[in-house]
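Note that the structure is a prediction, hence the values are computed from the model and not measured. Here is how names work: the chains are called A, B, and so on, in the same order as the sequence lines, proteins then strands, and each is numbered from 1.
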Amino acid sequence: MEVYKVESGGLGIKSKIKEKQMIIDGIQDFSLAQTLECGQCFRWEAQDSFSYIGVVGHRVAKLTWEPEGEQGSLRIQQMAHESSPDDEAFWRYYLDLDRDYGKIKRKFCRGNQAMKEVIRVGQGIHVLHQDPWEALISFIISQNNHIPRIKASIQGLCQLAGTPLGEAFGSPWYAFPEPRQMASLTREDLSPIRLGYRDEYILRAAKKVEEDGIDRLLECGQKSPEEALQYLCSFHGVGKKVAHCTMLYGLGHRSSFPLDVWMKRVMHQMYHIEEQDEGAMEEMAARQYGVDCGIAQQYLFYHITQSKKK
DNA sequence: GGCCAGGGGATTA
DNA sequence: TAATCCCATGGC
């Protein structure tokens, strides 16, 4: 059995790989459940409160969180034949484990008492690095929709058009459909998934990405937020909200601050900004939270949606 | 049966 | 640039 250790990130996180599973330990400021259930992603299934199974790219994995006091370790069990040498780096990046969230949270709370309570509720949230194409389509589907239905629609889409990844943990798994796979579908093909009027949006998006080239979308991660926003909004069915979600969760733009009905509600509560005044909310976000305001958005969103559940 | 769900497009004025 | 309506769908 091969065991090796890797150190990186400067946060004292170490990891070792045993057979087909990997353990990353010494992780702080992280909650697997909060990160996977704060509404930013739609393809993870809870097994229990410490364990989730899902698909990222062509990787099928079971993630298990093992708390140890203030810290914890993450066990990653991946489908055997999908292992590759860069798995470790892949999961670190996907889960954003090498960012100092403690420092970011302290910055958000400086001179902002209300934010301390907001962050206390979702203190383990990390903003993921998801696939940009999957994020774009997922958030088009999310419009005027509920999270359980969004998940069901995406699962249906993957089963319909995604590459089969084989069986693992007792079920068959599918990759998220590539633009090419989705572009060949018709509205009739999609009708069993019940996307409603959103089916046309995702088909047109697939065709546009086929025409423009996927790199045109991926390059938005390196471009300015203004340029990325402009390109994303050129997709039919993509407005500012969906564009900002794609930028934040898929393209790594941590300064994106998506404003939905919940965020408008919480920004009104905290800063007394009128709910239709998006410009004032964006200015306030930039001033209060700076370049990482997208991360602040996630704490705020989690807090307001959790508080309404009770 | 009306209202809402992490919106966006098209049409008005 | 706002405001309004419509776009399907399902849960409550």
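- The distance from atom CH2 of A:Trp262 to atom C1' of B:dC4 is 10 Å, rounded to the nearest whole Å.
- The six-membered or imidazole ring of A:Phe257 lies away from that of A:His244, with a centre-to-centre distance of 6.0 Å or more.
- Within the 4.0 Å cut-off from OP1 or OP2 of B:dC4, not a single side-chain nitrogen or oxygen of A:Arg265 is found.
- Donor-acceptor pairing under 3.5 Å is recorded for the side chains of A:Tyr52 and A:Glu37.
- Taking every side-chain heavy atom of A:Asp260 into account, B:dG6 is the closest of B:dG9, B:dG6, B:dG8.
- Per the geometry, CD belonging to A:Glu278 stands 12 Å off C1' belonging to C:dT1, to the nearest Å.
- Screening A:Ile125, A:Leu128, A:Thr35 for a side-chain contact (heavy atoms from CB on, under 4.5 Å) involving A:Gln298 leaves a single residue, A:Ile125.
- Residue contacts for A:Pro148: at a heavy-atom cut-off of 4.0 Å it reaches no nucleic acid atom on any strand shown.
- A centroid separation of 6.0 Å or more is found between the aromatic rings of A:Phe108 and A:Tyr101.
- Comparing the C1' positions of B:dG8 and C:dG11 gives an interatomic distance of 23 Å, to the nearest angstrom.
- Residue A:Cys233 is classed as having no contact, given no heavy-atom separation below 4.0 Å to the nucleic acid.
- Regarding A:Gln143, its CD atom lies at a distance of 12 Å from the P atom of C:dA8, rounded to whole Å.
- Within 4.0 Å (heavy atoms only), A:Glu200 reaches no atom of the nucleic acid at all.
- If you find the closest nucleotide of DNA chain B to A:Gly237 and to A:Phe139, the one lying nearer the 5' end belongs to A:Phe139.
- One atom, NZ of A:Lys240, and another, C1' of B:dG8, lie 13 Å apart when rounded to the nearest Å.
- In this structure, A:Arg43 fails the cation-pi test against A:Phe176, since its NZ or CZ atom is not both closer than 6.0 Å to the six-membered ring centre and inside 45 degrees of the ring normal.
- More than 12 heavy atoms of other residues, nucleotides or ligands sit less than 6.0 Å from atom CD of A:Glu275.
- A gap of 24 Å separates the C1' atoms of C:dA2 and B:dA5, to the nearest Å.
- The side-chain contact (heavy atoms from CB on, under 4.5 Å) test applied to A:Arg287 returns A:Met284, not counting sequence neighbours.
- In this structure, of C:dC7, B:dA10, B:dG6, it is C:dC7 that holds the atom nearest to the side chain of A:Tyr197.
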Do any N or O atoms of the protein come closer than 3.5 Å to N or O atoms of nucleotides 9-12 of chain C, and which pairs are they?
unit_1, atom_1, unit_2, atom_2, d
C:dT9, O2, A:Arg149, NH1, 3.0
C:dG10, N2, A:His146, NE2, 3.0

